[in-house]
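These notes concern the structure reproduced below.
Every chain is numbered from 1 and lettered A, B, ... according to where its sequence line falls, protein lines coming before strand lines.
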There are 2 protein chains.
Amino acid sequence: MLSGESTVTVEIVDESKPGLRERKKQRTHAAISDAAIALFLEHGFNQVSVARVAEAAEVSKRTLFAYFPTKEDLVVHRLADHETELARVVRDREPGTDPLTAVREHFLVGLRERDPISGLNDHPQVLRLTRMILDSPSLVARMEAFKAGAERALAEALRETAGTPELTARLAAVQIVAVQWALSQDNAHRMADGEPADARYAGAAADAEHAFALLERGLGRLTPPQ
Amino acid sequence: MLSGESTVTVEIVDESKPGLRERKKQRTHAAISDAAIALFLEHGFNQVSVARVAEAAEVSKRTLFAYFPTKEDLVVHRLADHETELARVVRDREPGTDPLTAVREHFLVGLRERDPISGLNDHPQVLRLTRMILDSPSLVARMEAFKAGAERALAEALRETAGTPELTARLAAVQIVAVQWALSQDNAHRMADGEPADARYAGAAADAEHAFALLERGLGRLTPPQ
DNA sequence: AGCATTTCTGCACTGAGTATACTTTTACTC
DNA sequence: GAGTAAAAGTATACTCAGTGCAGAAATGCT
């Protein structure tokens with residue numbers, strides 16, 4: 001606290017070679033999270049109290065809340081990275097590539113690789129987690145908050161890297177996020193209903209192409225010419 | 001309205017000549033809601049406990065929860081109608097009109113009439129309510145749930161009245177809802193920041209036109225040709 | 001008026017999250 | 001390597017949202 005100059009140094013050192021304190025924190029964090037996921041998967045999110053999670057992780061309830069601000073965070077913190085994923089994809093795209101193209105290609109790669117975030121993954125573990133989330137309203141609500149965060153981040157990326165005007169960037173962002181989310185949701189629901197990922201792949205890819213074409217070329221006339 | 005006599009009659013009778021029990025229920029419902037809004041506006045949503053609302057409404061806490069399933073519902077039940085508003089607009093559109101056109105015209109009318117739902121209303125009461133909602137995360141989260149409901153209803157309306165295929169209907173619905181919501185949000189935030197509605201009207205209308213054009217004709221290339 | 005049904009109430013409870021005051025652990029300095 | 005400040009963890013007790021239950025009151029029907 002004395003030398004204000006060393007403050008930065010301390011943090012850098014902490015990150016490059018984590019001290020005992022830091023390592024312990026990470027272990028505790030993981031222990032709590034693991035205990036929570038295990039219990040939630042076994043008994044259901046609403047059927048397990050945070051007190052029980054704390055007990056299983058051999059930590060006081062107060063400490064648990066020092067690591068995770070809410071019960072929902074015990075689950076969704078694992079998805080935190082994905083909140084800025086679309087923004088990252090747009091920023092890191094090949095020069096000259098259109099942002100929408102970059103996002104489409106990224107999503108298609110996700111499908112091909114059965115990335116859980118694309119919804120097209122039927123590994124039992126992933127499936128159980130998906131079902132658990134879809135079954136708990138508070139977790140679903142929390143996912144919506146994620147969407148909002150993703151929208152904000154993507155809008156900023158569009159403004160900064162494509163020079164898209166403020167309003168257009170916001171509008172494009174909400175549309176892109178909404179569409180991609182709808183695609184993932186659809187896949188996830190199908191997996192939860194027992195459809196195998198490999199059997200669904202072709203359809204999922206076709207749907208994605210269709211969805212992105214709609215984004216690019218617009219809804220046009222929704223009523224078929226009579 | 002039409003005369004759907006037999007089965008419907010019972011409900012119609014109940015509504016046309018409400019008995020004492022029914023009238024009392026409505027009065028209690030209103031009393032609780034009014035007390036809640038008044039207290040929330042004065043002290044803030046999070047600063048007022050449901051127990052205090054129940055006390056002000058001269059009702060037991062248990063009864064309060066019989067009328068409103070959650071604390072948030074004390075506020076958002078007033079918006080319940082708007083959840084299906086877009087779906088209604090699509091269903092009730094002039095024959096031959098494109099759904100998207102109907103929605104655009106409806107939104108523009110909302111702006112012109114300073115409909116609170118369009119965000120373009122700076123009446124002190126509306127403004128205070130808006131600020132209160134925007135200031136309480138749990139209420140904002142609840143509004144997101146509304147969006148989800150609106151999406152579902154709109155998708156169904158598109159499928160049923162425009163023959164839009166399942167997936168396209170869902171995708172169109174999420175895009176339309178997301179865009180309209182973004183427009184409303186933007187207006188509401190400007191009002192909350194003190195911008196007068198009349199001064200904002202022209203800009204809001206232009207933004208809406210731009211947004212719906214984007215919806216209709218697509219995002220195309222977001223990067224300006226270099 | 002008498003009786004069944006609905007509604008309301010009081011009370012005690014669970015469970016999430018917070019405040020406080022305290023102990024332990026870690027990191028750093030001399 | 002002992003001393004010490006800061007960080008992390010704990011125990012306890014609290015607030016508040018929401019529920020379960022058993023009984024009291026109001027209402028509608030005959």
side-chain N/O B:Lys24 vs C:dT7 OP1/OP2, d < 4.0 Å: no
Side-chain heavy-atom pair A:Thr63, A:Glu58 within 4.5 angstrom cut-off: no
Interatomic distance, A:Glu55 CD vs D:dA11 P [rounded to whole Å]: 11 Å
Those residues that, when tested against A:Glu42, pass salt bridge (charged side-chain N to carboxylate O under 4.0 Å, His left out) (two or more places apart): none
B:Ser60 vs C:dT9: side-chain N/O to OP1/OP2 distance below 4.0 Å: yes
Trace of the side chain to side chain contact (heavy atoms under 4.5 Å, CB included) decision for B:Phe107 with B:Ser184: CA-CA 10 Å; B:Phe107 188 72; B:Ser184 301; 3.6 Å; yes
Student check: side-chain heavy atoms of A:Arg78 and A:Ile37 closer than 4.5 Å: yes
B:Leu64 CG - C:dT9 P separation (whole Å): 10 Å
Of residues 31-51 of chain B, the positions that come close to DNA chain D - non-hydrogen atoms, cut-off under 4.0 Å: B:Val48, B:Ser49, B:Val50
Student check: side-chain heavy atoms of B:Leu214 and B:Val179 closer than 4.5 Å: no
Where DNA chain D forms stems, i.e. three or more consecutive Watson-Crick or G-U pairs with both distances under 3.5 Å: C:1-30 with D:1-30
N-O pairing of A:Arg170 and B:Asp207 below 4.0 Å: no
For atom CZ of B:Arg52 and atom P of D:dA17, their distance in whole Å: 11 Å
Whole-Å gap separating C1' (D:dA26) and CD (B:Glu22): 15 Å
Check ion pair B:Arg114-B:Asp122 (N to O, under 4.0 angstrom): no
Rounded distance (Å) that lies between atom P of C:dT7 and atom CZ of B:Arg27: 15 Å
Any pair counted as ring-ring contact (aromatic ring centres under 6.0 Å, His included), so long as it reaches residues 72-92 of chain A, sequence neighbours left out: A:His29-A:His77, A:Phe68-A:His77
Worked check of side chain to side chain donor-acceptor pair (under 3.5 Å) between A:Asp73 and A:Thr70: CA-CA 5 Å; A:Asp73 282 292; A:Thr70 69; 2.6 Å; yes
Using atom names, set out every protein N or O paired with an N or O of nucleotides 19-25 of chain D below 3.5 Å, distance rounded to 0.1 Å.
unit_1	atom_1	unit_2	atom_2	d
D:dG20	N7	B:Arg62	NE	3.0
D:dG20	N7	B:Arg62	NH2	2.7
D:dG20	O6	B:Arg62	NE	2.8
D:dC21	N4	B:Arg62	NE	3.4

Short N-O contact, A:Glu156 and A:Arg159, less than 4.0 angstrom: no
Any A:Met143 side-chain heavy atom under 4.5 Å of A:Val76 side chain: yes
Whole-Å gap separating C1' (C:dA16) and CG (A:Leu74): 12 Å
Phosphate contact (C:dG15 OP1 or OP2) by A:Lys71 side-chain N/O below 4.0 Å: no
Touch class at under 4.0 angstrom, heavy-atom based, for A:Phe68 against every strand present: nothing
Atom pair distance, as rounded to whole Å: NZ in A:Lys25 and P in D:dA7: 10 Å
Distance test, side-chain N/O of B:Tyr67 to OP1/OP2 of C:dC8, below 4.0 Å: yes
Among C:dG17, C:dC8, D:dG9, the nucleotide that comes nearest once only the side chain of B:Thr28 is considered: C:dC8
With sequence neighbours excluded, residues passing ring-ring contact (aromatic ring centres under 6.0 Å, His included) with B:Phe45: B:Phe40
